[in-house]
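For the numbers below, each heavy atom of this structure counts, side chains included, while hydrogens, waters and symmetry mates do not. Just so it is clear, the structure is predicted and the values come from calculations on it, not from any experiment. Positions are given from 1, in the same order as the sequence printed here. As the structure lists them, so they are numbered: ligands from 1, and atoms in each ligand from 1.
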Amino acid sequence: MDDTLYHYLQHLCGATNVKRDEPLSKHTTWRVGGNAAYFVTVLDKNTLCRLISALVFLDQPYFILGLGANVLASDRGYHGVIIQLGFTEITHTDDFLYADAGATLGTVVGYARDHGLTGLEWATGIPATVGGATFMNCGAFGHSWGERVVLVDVLDRGVVKTLTANQLNFGYRHSVFMEQPYLILGVYLRLDQGDPAIINQAMTEVLAKRAGHPREPSAGSVFKRPRDGFYVGAEIEKLGLKGYRVGDALVSPAHANFIVNVGQATADDILRVLTHVQDTVAAATGVTLDPEIRLLGDFDAPVN
Ligand SMILES: Cc1cc2nc3c(=O)[nH]c(=O)nc-3n(C[C@H](O)[C@H](O)[C@H](O)COP(=O)(O)OP(=O)(O)OC[C@H]3O[C@@H](n4cnc5c(N)ncnc54)[C@H](O)[C@@H]3O)c2cc1C
(Lines give C-alpha, C1' and ligand atoms only; values in the text may rest on other atoms or scores of the structure.)
Protein backbone atom coordinates (compact mmCIF):
# COMPACT_ATOMS: atom_id res chain seq x y z
CA MET A 1 0.00 0.00 0.00
CA ASP A 2 2.84 2.39 0.92
CA ASP A 3 4.00 3.06 -2.61
CA THR A 4 0.51 3.05 -4.05
CA LEU A 5 -0.68 5.59 -1.51
CA TYR A 6 2.37 7.78 -2.12
CA HIS A 7 1.81 7.83 -5.87
CA TYR A 8 -1.92 8.39 -5.42
CA LEU A 9 -1.25 11.38 -3.11
CA GLN A 10 1.21 12.80 -5.63
CA HIS A 11 -1.30 12.36 -8.43
CA LEU A 12 -4.08 14.07 -6.48
CA CYS A 13 -2.17 16.87 -4.74
CA GLY A 14 0.82 17.43 -7.06
CA ALA A 15 4.19 15.74 -6.64
CA THR A 16 5.86 18.70 -4.92
CA ASN A 17 3.08 18.89 -2.32
CA VAL A 18 3.66 15.41 -0.93
CA LYS A 19 6.52 14.48 1.39
CA ARG A 20 7.42 11.17 2.93
CA ASP A 21 8.95 10.70 6.37
CA GLU A 22 8.64 14.40 7.11
CA PRO A 23 9.84 15.48 10.60
CA LEU A 24 6.90 16.92 12.56
CA SER A 25 9.44 18.93 14.54
CA LYS A 26 9.60 21.20 11.46
CA HIS A 27 5.85 21.85 11.67
CA THR A 28 5.13 22.35 15.37
CA THR A 29 5.99 25.44 17.42
CA TRP A 30 7.43 23.25 20.19
CA ARG A 31 9.85 21.93 17.56
CA VAL A 32 9.35 18.32 18.64
CA GLY A 33 7.87 15.25 16.99
CA GLY A 34 9.07 12.29 14.93
CA ASN A 35 8.35 11.68 11.27
CA ALA A 36 4.97 11.74 9.57
CA ALA A 37 4.68 8.87 7.11
CA TYR A 38 3.07 11.31 4.62
CA PHE A 39 2.83 15.08 4.78
CA VAL A 40 0.56 16.68 2.20
CA THR A 41 -0.21 20.30 1.37
CA VAL A 42 -3.65 20.63 -0.21
CA LEU A 43 -4.08 23.70 -2.36
CA ASP A 44 -7.84 23.75 -2.93
CA LYS A 45 -11.06 22.59 -1.31
CA ASN A 46 -12.14 20.22 -4.09
CA THR A 47 -8.87 18.34 -3.78
CA LEU A 48 -9.33 18.19 0.00
CA CYS A 49 -12.81 16.68 -0.44
CA ARG A 50 -11.47 14.04 -2.83
CA LEU A 51 -8.49 13.31 -0.60
CA ILE A 52 -10.59 12.80 2.53
CA SER A 53 -13.04 10.51 0.68
CA ALA A 54 -10.12 8.44 -0.57
CA LEU A 55 -8.41 8.23 2.83
CA VAL A 56 -11.65 7.15 4.53
CA PHE A 57 -12.21 4.54 1.83
CA LEU A 58 -8.62 3.30 2.13
CA ASP A 59 -8.91 3.27 5.94
CA GLN A 60 -5.89 5.57 6.28
CA PRO A 61 -5.68 7.83 9.36
CA TYR A 62 -5.21 11.55 8.76
CA PHE A 63 -4.75 14.69 10.84
CA ILE A 64 -5.26 18.33 9.82
CA LEU A 65 -2.38 20.44 11.04
CA GLY A 66 -2.47 24.24 11.18
CA LEU A 67 0.65 26.02 12.39
CA GLY A 68 1.12 23.27 14.97
CA ALA A 69 0.97 25.96 17.67
CA ASN A 70 -1.16 23.92 20.05
CA VAL A 71 0.02 20.43 19.20
CA LEU A 72 2.37 18.04 20.98
CA ALA A 73 3.58 15.61 18.33
CA SER A 74 4.81 12.20 19.49
CA ASP A 75 8.50 11.33 19.27
CA ARG A 76 7.29 8.22 17.43
CA GLY A 77 5.79 10.39 14.70
CA TYR A 78 2.53 9.70 12.90
CA HIS A 79 1.87 6.68 10.71
CA GLY A 80 -0.92 8.30 8.67
CA VAL A 81 -1.29 11.37 6.47
CA ILE A 82 -0.73 14.87 7.86
CA ILE A 83 -2.71 17.42 5.88
CA GLN A 84 -1.82 21.08 5.77
CA LEU A 85 -4.26 23.46 4.09
CA GLY A 86 -2.72 25.63 1.40
CA PHE A 87 -5.86 27.62 0.59
CA THR A 88 -5.64 31.07 2.15
CA GLU A 89 -8.12 33.44 0.50
CA ILE A 90 -9.58 36.34 2.49
CA THR A 91 -12.42 38.52 1.19
CA HIS A 92 -15.06 40.85 2.62
CA THR A 93 -18.25 42.67 1.82
CA ASP A 94 -19.05 45.57 4.16
CA ASP A 95 -18.33 44.28 7.69
CA PHE A 96 -18.68 40.59 6.74
CA LEU A 97 -15.26 38.92 6.39
CA TYR A 98 -14.56 35.47 4.93
CA ALA A 99 -11.27 33.63 5.49
CA ASP A 100 -10.14 30.24 4.18
CA ALA A 101 -9.14 27.77 6.90
CA GLY A 102 -5.49 27.82 5.76
CA ALA A 103 -5.08 31.59 6.14
CA THR A 104 -3.08 32.67 9.17
CA LEU A 105 -4.64 34.77 11.92
CA GLY A 106 -1.91 37.35 11.37
CA THR A 107 -3.00 37.84 7.75
CA VAL A 108 -6.68 37.99 8.72
CA VAL A 109 -6.07 40.59 11.43
CA GLY A 110 -3.90 42.62 9.03
CA TYR A 111 -6.51 42.35 6.28
CA ALA A 112 -9.24 43.52 8.67
CA ARG A 113 -7.16 46.53 9.68
CA ASP A 114 -6.31 47.45 6.09
CA HIS A 115 -10.02 47.39 5.22
CA GLY A 116 -11.14 49.37 8.26
CA LEU A 117 -12.69 46.42 10.11
CA THR A 118 -12.38 46.30 13.87
CA GLY A 119 -12.98 43.48 16.38
CA LEU A 120 -9.92 41.22 16.01
CA GLU A 121 -7.14 43.42 17.36
CA TRP A 122 -6.88 41.30 20.54
CA ALA A 123 -5.77 38.33 18.38
CA THR A 124 -2.60 40.10 17.19
CA GLY A 125 0.40 37.87 17.79
CA ILE A 126 -1.45 34.56 18.31
CA PRO A 127 0.17 31.98 16.02
CA ALA A 128 -2.70 30.17 14.31
CA THR A 129 -4.44 29.33 11.09
CA VAL A 130 -8.13 30.17 10.79
CA GLY A 131 -8.87 26.42 11.04
CA GLY A 132 -6.84 26.04 14.23
CA ALA A 133 -8.24 29.23 15.77
CA THR A 134 -11.79 28.01 15.12
CA PHE A 135 -11.17 24.48 16.37
CA MET A 136 -9.55 25.79 19.59
CA ASN A 137 -11.70 28.92 19.95
CA CYS A 138 -8.48 30.69 20.81
CA GLY A 139 -8.67 33.81 22.90
CA ALA A 140 -6.83 36.51 24.81
CA PHE A 141 -7.49 39.60 26.91
CA GLY A 142 -11.12 38.68 27.58
CA HIS A 143 -11.96 37.98 23.92
CA SER A 144 -12.30 34.78 21.95
CA TRP A 145 -12.40 33.98 18.27
CA GLY A 146 -15.89 32.51 18.42
CA GLU A 147 -17.51 35.79 19.47
CA ARG A 148 -17.14 37.09 15.88
CA VAL A 149 -17.82 33.86 13.96
CA VAL A 150 -21.24 33.71 12.30
CA LEU A 151 -20.90 30.83 9.80
CA VAL A 152 -18.39 28.05 9.14
CA ASP A 153 -18.08 26.01 5.95
CA VAL A 154 -17.19 22.43 6.86
CA LEU A 155 -16.63 19.08 5.27
CA ASP A 156 -18.77 16.54 7.11
CA ARG A 157 -18.13 12.92 6.08
CA GLY A 158 -17.75 13.88 2.42
CA VAL A 159 -20.51 16.52 2.36
CA VAL A 160 -19.86 20.28 2.35
CA LYS A 161 -22.13 22.08 4.83
CA THR A 162 -22.41 25.53 6.33
CA LEU A 163 -22.86 25.63 10.11
CA THR A 164 -24.50 28.60 11.83
CA ALA A 165 -23.31 30.20 15.07
CA ASN A 166 -25.73 28.24 17.28
CA GLN A 167 -24.31 24.94 15.95
CA LEU A 168 -20.70 25.76 16.83
CA ASN A 169 -20.84 25.14 20.63
CA PHE A 170 -18.17 27.73 21.31
CA GLY A 171 -17.02 27.86 24.91
CA TYR A 172 -13.76 28.52 26.72
CA ARG A 173 -11.19 26.77 24.46
CA HIS A 174 -14.02 24.62 23.19
CA SER A 175 -15.93 24.19 19.92
CA VAL A 176 -18.14 21.66 18.17
CA PHE A 177 -15.04 20.64 16.23
CA MET A 178 -13.81 18.80 19.35
CA GLU A 179 -17.05 16.79 19.34
CA GLN A 180 -17.64 16.08 15.64
CA PRO A 181 -15.25 15.03 12.87
CA TYR A 182 -15.90 18.17 10.78
CA LEU A 183 -13.08 19.65 8.75
CA ILE A 184 -13.13 23.44 8.71
CA LEU A 185 -12.94 24.85 5.17
CA GLY A 186 -13.61 28.55 5.76
CA VAL A 187 -15.03 30.95 8.31
CA TYR A 188 -17.30 34.02 8.11
CA LEU A 189 -16.90 36.74 10.73
CA ARG A 190 -19.06 39.74 11.49
CA LEU A 191 -16.82 42.72 12.34
CA ASP A 192 -17.44 46.46 12.84
CA GLN A 193 -16.37 49.44 10.79
CA GLY A 194 -13.35 51.21 12.26
CA ASP A 195 -10.48 53.54 11.54
CA PRO A 196 -7.35 51.67 10.28
CA ALA A 197 -5.04 53.99 12.23
CA ILE A 198 -6.87 53.35 15.51
CA ILE A 199 -7.03 49.61 14.80
CA ASN A 200 -3.30 49.62 14.11
CA GLN A 201 -2.63 51.43 17.37
CA ALA A 202 -4.68 48.81 19.28
CA MET A 203 -2.73 46.02 17.56
CA THR A 204 0.57 47.61 18.56
CA GLU A 205 -0.63 47.79 22.17
CA VAL A 206 -1.63 44.12 22.14
CA LEU A 207 1.79 43.15 20.80
CA ALA A 208 3.45 45.16 23.57
CA LYS A 209 1.38 43.29 26.19
CA ARG A 210 2.56 40.00 24.72
CA ALA A 211 6.21 41.08 24.70
CA GLY A 212 6.87 39.44 28.10
CA HIS A 213 5.83 35.99 26.89
CA PRO A 214 8.60 33.37 26.62
CA ARG A 215 10.52 33.48 23.37
CA GLU A 216 11.69 29.86 23.30
CA PRO A 217 9.69 27.26 21.32
CA SER A 218 6.41 26.52 23.11
CA ALA A 219 2.72 25.94 22.49
CA GLY A 220 1.54 28.94 24.50
CA SER A 221 -0.35 28.23 27.71
CA VAL A 222 -0.39 24.51 28.44
CA PHE A 223 -3.32 24.29 30.88
CA LYS A 224 -6.83 25.72 30.77
CA ARG A 225 -8.10 27.90 33.59
CA PRO A 226 -10.17 25.44 35.68
CA ARG A 227 -12.50 28.17 36.96
CA ASP A 228 -12.73 31.96 37.24
CA GLY A 229 -10.30 33.27 39.82
CA PHE A 230 -7.92 30.29 39.57
CA TYR A 231 -4.78 31.67 37.93
CA VAL A 232 -2.89 28.66 36.63
CA GLY A 233 0.44 30.41 36.07
CA ALA A 234 0.41 32.02 39.52
CA GLU A 235 -0.54 28.70 41.17
CA ILE A 236 2.28 26.82 39.41
CA GLU A 237 4.73 29.57 40.35
CA LYS A 238 3.59 29.53 44.00
CA LEU A 239 4.47 25.83 44.16
CA GLY A 240 8.04 26.62 43.11
CA LEU A 241 7.76 24.87 39.77
CA LYS A 242 9.21 27.60 37.58
CA GLY A 243 12.36 26.15 36.02
CA TYR A 244 11.31 22.52 36.73
CA ARG A 245 13.15 20.63 34.02
CA VAL A 246 13.26 17.27 32.25
CA GLY A 247 15.91 17.14 29.52
CA ASP A 248 15.57 20.37 27.57
CA ALA A 249 11.91 20.92 28.51
CA LEU A 250 11.17 23.25 31.39
CA VAL A 251 8.50 25.31 33.06
CA SER A 252 9.28 28.76 31.74
CA PRO A 253 10.81 31.14 34.26
CA ALA A 254 8.99 33.96 32.39
CA HIS A 255 5.48 32.45 32.47
CA ALA A 256 4.74 29.37 34.58
CA ASN A 257 1.89 28.14 32.34
CA PHE A 258 4.33 27.77 29.42
CA ILE A 259 6.58 24.74 28.97
CA VAL A 260 9.48 25.72 26.74
CA ASN A 261 11.98 23.77 24.67
CA VAL A 262 15.39 25.24 25.38
CA GLY A 263 17.33 22.97 23.02
CA GLN A 264 16.71 19.38 22.02
CA ALA A 265 13.63 18.59 24.13
CA THR A 266 11.56 15.57 23.14
CA ALA A 267 7.78 15.21 23.33
CA ASP A 268 8.38 12.75 26.14
CA ASP A 269 10.38 15.37 28.13
CA ILE A 270 7.53 17.87 27.67
CA LEU A 271 4.92 15.34 28.72
CA ARG A 272 6.91 14.45 31.84
CA VAL A 273 7.15 18.12 32.84
CA LEU A 274 3.42 18.55 32.13
CA THR A 275 2.50 15.50 34.23
CA HIS A 276 4.72 16.59 37.13
CA VAL A 277 3.07 20.04 37.15
CA GLN A 278 -0.38 18.42 36.98
CA ASP A 279 0.41 16.03 39.86
CA THR A 280 1.99 18.72 42.05
CA VAL A 281 -0.91 21.15 41.55
CA ALA A 282 -3.45 18.38 42.21
CA ALA A 283 -1.70 17.33 45.42
CA ALA A 284 -1.52 20.93 46.68
CA THR A 285 -4.92 22.26 45.60
CA GLY A 286 -7.11 19.27 44.75
CA VAL A 287 -7.55 20.70 41.22
CA THR A 288 -6.58 18.53 38.24
CA LEU A 289 -5.44 20.87 35.50
CA ASP A 290 -6.82 20.10 32.06
CA PRO A 291 -4.28 20.59 29.25
CA GLU A 292 -5.31 22.81 26.37
CA ILE A 293 -2.86 21.21 23.96
CA ARG A 294 -3.78 18.49 21.46
CA LEU A 295 -1.81 15.29 21.12
CA LEU A 296 -0.70 14.02 17.72
CA GLY A 297 0.44 10.41 17.37
CA ASP A 298 0.82 7.69 19.99
CA PHE A 299 1.67 8.38 23.63
CA ASP A 300 1.87 5.93 26.51
CA ALA A 301 -0.21 8.00 28.93
CA PRO A 302 -3.25 10.08 27.92
CA VAL A 303 -3.19 13.66 29.25
CA ASN A 304 -6.68 14.72 28.18
C1 LIG B 1 3.82 31.64 21.47
C2 LIG B 1 2.40 31.14 21.50
C3 LIG B 1 1.42 31.97 22.02
C4 LIG B 1 0.07 31.54 22.06
N5 LIG B 1 -0.87 32.38 22.58
C6 LIG B 1 -2.16 31.97 22.59
C7 LIG B 1 -3.19 32.85 23.10
O8 LIG B 1 -2.94 33.98 23.47
N9 LIG B 1 -4.46 32.38 23.11
C10 LIG B 1 -4.79 31.13 22.68
O11 LIG B 1 -5.97 30.76 22.72
N12 LIG B 1 -3.83 30.29 22.19
C13 LIG B 1 -2.54 30.68 22.13
N14 LIG B 1 -1.58 29.83 21.65
C15 LIG B 1 -1.96 28.48 21.16
C16 LIG B 1 -2.27 28.45 19.65
O17 LIG B 1 -1.78 29.61 19.02
C18 LIG B 1 -3.79 28.36 19.41
O19 LIG B 1 -4.36 27.24 20.04
C20 LIG B 1 -4.13 28.30 17.92
O21 LIG B 1 -5.52 28.37 17.78
C22 LIG B 1 -3.61 27.02 17.24
O23 LIG B 1 -3.81 27.18 15.83
P24 LIG B 1 -3.03 26.26 14.78
O25 LIG B 1 -3.41 26.70 13.42
O26 LIG B 1 -1.58 26.25 15.07
O27 LIG B 1 -3.68 24.84 15.08
P28 LIG B 1 -2.88 23.48 15.37
O29 LIG B 1 -2.16 23.64 16.66
O30 LIG B 1 -2.11 23.06 14.19
O31 LIG B 1 -4.12 22.49 15.58
C32 LIG B 1 -4.94 22.59 16.73
C33 LIG B 1 -6.14 21.67 16.54
O34 LIG B 1 -6.97 22.20 15.50
C35 LIG B 1 -7.26 21.20 14.55
N36 LIG B 1 -7.43 21.84 13.24
C37 LIG B 1 -6.62 22.74 12.64
N38 LIG B 1 -7.12 23.12 11.46
C39 LIG B 1 -8.28 22.45 11.29
C40 LIG B 1 -9.27 22.41 10.27
N41 LIG B 1 -9.15 23.15 9.16
N42 LIG B 1 -10.35 21.60 10.44
C43 LIG B 1 -10.47 20.85 11.56
N44 LIG B 1 -9.56 20.84 12.56
C45 LIG B 1 -8.49 21.63 12.43
C46 LIG B 1 -6.03 20.28 14.58
O47 LIG B 1 -6.34 19.00 14.04
C48 LIG B 1 -5.74 20.26 16.08
O49 LIG B 1 -6.55 19.31 16.73
C50 LIG B 1 -0.25 30.24 21.58
C51 LIG B 1 0.75 29.42 21.05
C52 LIG B 1 2.06 29.87 21.00
C53 LIG B 1 3.11 28.98 20.40
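For ligand 1, the atoms lying closer than 4.0 Å to a non-hydrogen atom of A133 are 21 (O). Heavy-atom proximity to M136, at under 4.0 Å, picks out these atoms of ligand 1: 19 (O), 21 (O). The L65 neighbourhood of ligand 1 comprises atoms 30 (O), with distances under 4.0 Å to a heavy atom of that residue. Taking every heavy atom of A128 and a limit of under 4.0 angstrom, the matching atoms of ligand 1 come to 20 (C), 21 (O), 23 (O), 24 (P), 25 (O).
The residue P214 has no part lying near ligand 1, judged by heavy-atom distances below 4.0 Å. Contacts between F63 and ligand 1 below 4.0 angstrom, taking non-hydrogen atoms only, involve the side chain exclusively. If you look at H213 next to ligand 1, there are no close heavy atoms at all, none under 4.0 Å. Residue contacts with ligand 1, taken as heavy atom pairs separated by less than 4.0 Å, involve T129 via backbone and side-chain atoms alike. Looking at L85 against ligand 1, only its side chain comes within 4.0 Å, counting heavy atoms.
The neighbour count for Q264 CD, taken as heavy atoms of other residues, nucleotides or ligands under 6.0 Å away, does not exceed 12. In R272, the CZ atom is not crowded: 12 or fewer heavy atoms of neighbouring residues, nucleotides or ligands sit closer than 6.0 Å. Taking a 6.0 Å sphere around CZ of R76, one finds it holds more than 12 heavy atoms contributed by other residues, nucleotides or ligands. Around the NE2 atom of H79, the shell of radius 6.0 Å holds no more than 12 heavy atoms that belong to other residues, nucleotides or ligands. Within a 6.0 Å sphere centred on CG of N166, heavy atoms belonging to other residues, nucleotides or ligands number more than 12. More than 12 heavy atoms of other residues, nucleotides or ligands lie within 6.0 Å of CZ in F141, so this atom counts as buried by the packing criterion.
At least one N or O atom of L67 sits closer than 3.5 Å to an N or O atom of ligand 1. Residue I184 has at least one nitrogen or oxygen atom sitting less than 3.5 Å from a nitrogen or oxygen atom of ligand 1, judged on distance alone. Distances between N or O atoms of R210 and those of ligand 1 include at least one value under 3.5 Å. At least one N or O atom of G132, backbone or side chain, sits closer than 3.5 Å to an N or O atom of ligand 1. Taking only nitrogen or oxygen atoms, main chain and side chain alike, A101 does not reach within less than 3.5 Å of ligand 1. Taking distance alone, with nitrogen or oxygen atoms compared against 3.5 Å, N70 approaches ligand 1 more closely than that limit. In terms of polar-atom proximity, P127 is counted as a contact of ligand 1, with an N or O under 3.5 Å from an N or O of the ligand. On a distance-only criterion, I126 and ligand 1 share no N/O pair closer than 3.5 Å.
Cluster partners of Y98, by chain and number: F96, V150, L151, Y188. The rule joins Ile, Leu, Val, Met, Phe, Trp and Tyr whenever side-chain heavy atoms lie under 4.5 Å apart.
Proximity of a side-chain donor or acceptor of R148 to a complementary backbone N or O of R190 within less than 3.5 Å is detected.
Partner T275 forms a side chain to side chain contact (heavy atoms under 4.5 Å, CB included) with one of V273, D279, V277 and no other, that one being D279. A side-chain hydrogen bond (donor to acceptor under 3.5 Å, both in side chains) with N200 is found for exactly one of R113, E205, E121, namely R113. Residue L185 is tested with L85, V130, D153 for a side chain to side chain contact (heavy atoms under 4.5 Å, CB included); the sole match is D153.
For E22 and K26, the salt-bridge test passes: some basic side-chain N is under 4.0 Å from an acidic carboxylate O. Using a 4.0 Å cut-off between charged side-chain N and carboxylate O, R50 and D44 make no salt bridge.
In this structure, OG1 in T47 is found 5.5 Å from CG in L12, a value given to the nearest 0.5 Å. The structure places CZ of F258 at 10.0 Å from CH2 of W30, a figure rounded to the nearest 0.5 Å.
Among all non-hydrogen protein atoms, the one lying nearest atom 53 (C) of ligand 1 is S218 O, 3.3 Å. Annotation: atom 31 (O) of ligand 1 to nearest protein heavy atom, V71 CG2, 3.8 Å. For atom 26 (O) of ligand 1, the nearest non-hydrogen atom of the protein is A69 N, 2.9 Å. When hydrogens are left out, the protein atom nearest atom 12 (N) of ligand 1 is E292 OE2, 3.9 Å; that is the closest non-hydrogen contact. Protein heavy atom at the shortest distance from atom 30 (O) of ligand 1 is G66 N, 2.7 Å. Counting protein heavy atoms only, atom 33 (C) of ligand 1 is closest to F135 CD2, 3.5 Å. Scanning all protein heavy atoms for the shortest distance to atom 39 (C) of ligand 1 gives I64 CG2, 3.6 Å.
Between R173 and ligand 1 there is a heavy-atom distance shorter than 4.0 Å. By the 4.0 Å heavy-atom criterion, Y182 is counted among the residues contacting ligand 1.
Between H92 and Y111, the ring-plane angle classifies as perpendicular under the 30° and 60° cut-offs.
Among C138, G125, A219, the residue whose heavy atom lies nearest to atom 14 (N) of ligand 1 is A219. Counting only non-hydrogen atoms, the option in G139, P217, G220, G102 that gets closest to atom 7 (C) of ligand 1 is G139.
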